[in-house]
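First the structure, in the form of structure tokens, and then the observations on it.
Computed over heavy atoms, backbone and side chain alike; hydrogens, waters and symmetry mates excluded. If you read the sequence from its start, that first residue is 1, and numbering goes on from there.
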Amino acid sequence: MPYPPTIASRTMPGLLRAQLVIAGIVLLAAVLAPPREGEMVVVPIVPLPLGLTIDWITAHHGRIVGRLNQGPMVMVFGRRADLL
């Protein structure tokens, strides 16, 4: 006859799942985080005209490198601290 589930057996899969999710988020952030300085992609969160996005980039000491073909994303050279 199997034992009834205990509190520990019911919560361990949830705790393990939470730890795996946190580890995944940390790894994803490490991979997708822009470099401290160098080329990076600026993606506006709020839909703005491209001219306003470029004005914002240059006001924050970024240099336009190019424009990506997909949407309003712009390739820039700058420092992450200035552009965030």
Side-chain angles (χ1 to χ4, degrees):
M1 186 161 161
Y3 294 106
T6 63
I7 292 175
S9 67
R10 285 188 302 228
T11 58
M12 286 307 288
L15 291 174
L16 181 61
R17 207 170 318 140
Q19 288 175 340
L20 290 174
V21 167
I22 290 170
I25 290 171
V26 168
L27 287 172
L28 188 63
V31 168
L32 296 179
R36 186 170 294 189
E37 182 175 350
E39 289 186 1
M40 57 192 88
V41 176
V42 171
V43 181
I45 296 172
V46 177
L48 294 172
L50 185 59
L52 289 176
T53 303
I54 290 173
D55 290 344
W56 181 86
I57 291 168
T58 55
H60 289 87
H61 312 291
R63 224 177 41 218
I64 305 296
V65 174
R67 181 164 179 241
L68 300 177
N69 292 334
Q70 302 157 343
M73 297 183 286
V74 180
M75 181 72 81
V76 301
F77 184 90
R79 289 186 12 205
R80 177 178 56 196
D82 294 337
L83 293 170
L84 287 179

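There is a path of hydrophobic side-chain contacts, each under 4.5 Å, that joins V42 to I64. A chain of hydrophobic side-chain contacts below 4.5 Å, direct or via other Ile, Leu, Val, Met, Phe, Trp or Tyr residues, connects V43 to F77. Under the 4.5 Å side-chain heavy-atom criterion for grouping Ile, Leu, Val, Met, Phe, Trp and Tyr, V41 is connected to V65 within one hydrophobic cluster.
Considering CE of M40 and CZ of R80, their distance stands at 7.5 Å, rounded to 0.5 Å. One finds the CZ atom of R63 at 8.5 Å from the CD atom of E39 (value rounded to the nearest 0.5 Å). The CG atom of L50 sits 9.5 Å away from atom CG of D55, with the distance rounded to the nearest 0.5 Å. Between the CE atom in M75 and the CZ atom in R67 there is a gap of 13.0 Å [rounded to 0.5 Å].
The ring-ring contact (aromatic ring centres under 6.0 Å, His included) test applied to H60 returns W56, not counting sequence neighbours.
The only member of L48, V46, V76 that meets side-chain contact (heavy atoms from CB on, under 4.5 Å) when paired with T53 is L48.
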